[in-house]
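After the structure tokens below, expect a handful of questions from me.
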There are 2 protein chains.
Amino acid sequence: MATISEVAERAGVSTATVSRALNGKDSVDPALAGRVLAAADELGYRPNGPARNLRKQETAVLALIISDVENPFFTAISRGVEDVAHDAGYSVVLCNSDDDPDKEREYVEVALQERVAGVLLSPAGRGDSAEKLRAHDTPVVAIDRPLPRSGGDTVLVDTRLAAREATLHLAEQGYRRLGCLTGPEGVPTADDRLAGYRDGLRAAGLDSGELVRRSDFKATGAAEAAHSLLAERQPPDAILVANNAMAVSVLAALDELGMRPGRDVGVVAFDDAPWTVLIDPPLSVVAQPAYDMGATAAQLLLGRIGGDHTETTVTTLSAHLVPRGSSRSG
Amino acid sequence: MATISEVAERAGVSTATVSRALNGKDSVDPALAGRVLAAADELGYRPNGPARNLRKQETAVLALIISDVENPFFTAISRGVEDVAHDAGYSVVLCNSDDDPDKEREYVEVALQERVAGVLLSPAGRGDSAEKLRAHDTPVVAIDRPLPRSGGDTVLVDTRLAAREATLHLAEQGYRRLGCLTGPEGVPTADDRLAGYRDGLRAAGLDSGELVRRSDFKATGAAEAAHSLLAERQPPDAILVANNAMAVSVLAALDELGMRPGRDVGVVAFDDAPWTVLIDPPLSVVAQPAYDMGATAAQLLLGRIGGDHTETTVTTLSAHLVPRGSSRSG
DNA sequence: AACTGCTGAGAAAACGATTGCTCGCCGATG
DNA sequence: CATCGGCGAGCAATCGTTTTCTCAGCAGTT
């Protein structure tokens, strides 16, 4: 692969001039610039990224640390991130933390080491990843979940409010024993949705005892939790499910037990998906603006990278309830 | 951020010794090595990635160029890639080409410029991206789709055979007018599935005329195509759908027309998903080993990066038909 | 004609690591 | 006692850019 000196030699100028010409910097004699461009073209010259990064002390790379790309919610986020990053000439490295604080830490180390321009982080636990990043002057934007300590830029969904709303909706539809299936303790979204569920119960004047189960945010763990919930002596007549993957397990469990969503057990789940309207009855959901979250967070991060030193912000996008058949007892 | 010279100074040794000690190279006096490690630790030293990359003339980064992470099939692939890359100490940059050859080309340029160690490519069209990469000695592994020209390493699914099998299955179930909804012309998987469909028709001794529609591989475009297909003067009594996103549109279209999958129109779709068993009747699918494809391809690529110069290989994983209710007329 | 500004290009110094080469020092051998 | 061999550490070159500094040359002013 051709280097800048080869281009310089071929164009009969110095490397400095080549660099300037290629970067459209300063004023370079148009004739020379033309020669340079031509020479670069003929040699198929591509500047060496690492060299440039070393010299400029910056890279055009963002790290995106999420729990799992296979979760459609994070998939949409990552698409949003990638789109705006790409438009700005940045690349995105994808990191699956699996909600494991150790893996998260490890990825943060890599990000630091590679001197990425910024990090989009969906924090797994109460770790201090974000602080370590900021300690090294790497801009961070938290996404979907707030940072444990300290306030960095954050893009959230008012998930607690949405959970409350969904719970109230179930109550309004006549369900009385409302259960909740949420994610692991310590994961903010899981806890917030649970809190919102409790808000809703209180607002509706209901008290279900503790019809609550936790599992990982995945389908496998949720299956067991769903069965356990439905096997209560006094089982719930409606369930708020904290994400899409778990909803699949809940619906499967109901099916196995010969129970029909809506009629027998009301169901509202977080995260919309194309298939939710295909099932009978269609699944009521809390739709989250995942793509926009990714895009917004990326924009924010690029702003910080660009030297924006204004106060850190917390952007809260709103989720909205999409009531469908699975939460209508009629 | 501390540099190697600061560590060297603090430990009272040369940078060379620090480098060797930190990389566990050669023989360094254990006492010195201890001092170095301690110094590095106290300073929170992380080697500067770009500098190291420049010097070593290599990076620990793979580029993954796929059409769209929001497609669950590619999501699973990317997860497979990321897992094995991570285990090997590599990072993955994610690139969505949207099946646009220009965008693909652009990403290839970036990959070249950043001197990534290798590229996993799901080629969009009949472009020459792979050749350009190989011309610059960047290892490439094609994934899901063969390379237009030239044979580089490739990881495929025997999609044509699977389509044939699915078609025969529909025929066996008693359907007679088999239609096919596939992807854009020129996308190998789309063409292969169509070819497999035709193979199946021939093998079954059926001739449906041309009950074929093409659309992009997305839900929106597929909706129109599905309606058009079902509005034929003599509409199909079964449809082979070439991917998951399009299947959603087909099922939605059937629902709108008051037709029941299986009973009125048999349906088999490519790509399994958690929700396919939740609908009534459950959706028959051709399940593809997407995660394994990603993992396999990444392993292959890492092998090439490691200097494996043996003949290029074509790995064909097999998809398997999962017959469910949507293809039983009974 | 001498001096001042100004423009534009080249020389060379970074950036921060890795690594080939050199060299000092040690004990061992002839 | 002189030399040799080997070990371990440092010096300095190197990777390919960008960018500061310097300087040559030219035009304009007095």
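This one's a predicted model, so the numbers in the text were calculated from it and none came from an experiment. Letters go in sequence order (proteins before strands), and every chain restarts at 1.
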> What is the distance from CD of A:E58 to P of D:dT17, rounded to the nearest Å?
Replying inline: 16 Å
> Which two nucleotides bound the region of DNA chain C that has atoms under 4.0 Å from heavy atoms of chain A, read 5' to 3'?
Replying inline: C:dG8 to C:dG16
>> Checking B:T3 now: which residues fulfil side-chain hydrogen bond (donor to acceptor under 3.5 Å, both in side chains) with it, not counting sequence neighbours?
In response: B:S5
> Got a second to check how far A:F74's CZ is from A:N96's CG, nearest 0.5 Å?
Replying inline: 10.0 Å
> Quick one: A:L22 CG to D:dT17 P, roughly how many Å, whole number?
Replying inline: 9 Å
> Is it true that A:D98 and B:R79 have a side-chain N and a carboxylate O under 4.0 angstrom from each other?
Replying inline: yes
> Is a donor-acceptor contact shorter than 3.5 angstrom present between the side chain of B:R55 and the base of D:dG16?
Replying inline: no
> Between D:dG16 atom P and B:K56 atom NZ, what is the distance in whole Å?
Replying inline: 16 Å
> Quick one: does A:D292's side chain get under 4.5 Å of A:L317's, heavy atoms only?
Replying inline: yes
> Given that B:D29 and A:N48 both sit by DNA chain D, which one's nearest nucleotide is further toward the 5' end?
Replying inline: B:D29
> In whole angstrom, what separates B:R52's CZ from D:dG16's C1'?
Replying inline: 18 Å
> How many Å lie between CD1 on B:I4 and P on D:dA12, as a whole number?
Replying inline: 17 Å
>> Quick check on the helix from C:dA1-D:dT30 to C:dG30-D:dC1: what's the angle between its two end axes, five base pairs per end, to the nearest 10°?
In response: 70°
>> Determine whether a donor-acceptor pair (N or O, by modelled atom type, separation under 3.5 Å) exists between the side chain of B:D99 and the backbone of B:A124.
In response: no
> Would one find a side-chain N or O of B:Q57 under 4.0 angstrom from OP1 or OP2 of D:dG16?
Replying inline: yes
>> Within the structure provided, determine whether B:L156 and B:V314 are in side-chain contact (heavy-atom separation under 4.5 Å).
In response: yes
>> I need the CG-P distance between A:N53 and D:dT17, as an integer number of Å.
In response: 12 Å
> Hey, are the side chains of A:P289 and A:V157 touching, using non-hydrogen atoms and a 4.5 Å cut-off?
Replying inline: yes
>> By nearest heavy atom, map B:L54 and B:V13 onto DNA chain D; which one lands nearer the 5' end?
In response: B:V13
> Is the side chain of B:T138 donor-acceptor paired with the backbone N or O of B:R134 at a distance under 3.5 Å, no angle test?
Replying inline: no
>> Among A:S67, A:S97, A:S129, exactly one meets side chain to side chain donor-acceptor pair (under 3.5 Å) together with A:E104. Which residue is that?
In response: A:S129
>> Can you measure A:R20 atom CZ to D:dT17 atom C1' for me and round it to whole angstrom units?
In response: 13 Å
> Under 4.0 angstrom, heavy atoms only, what part of the nucleic acid is A:S19 near: base, sugar-phosphate, or nothing?
Replying inline: base
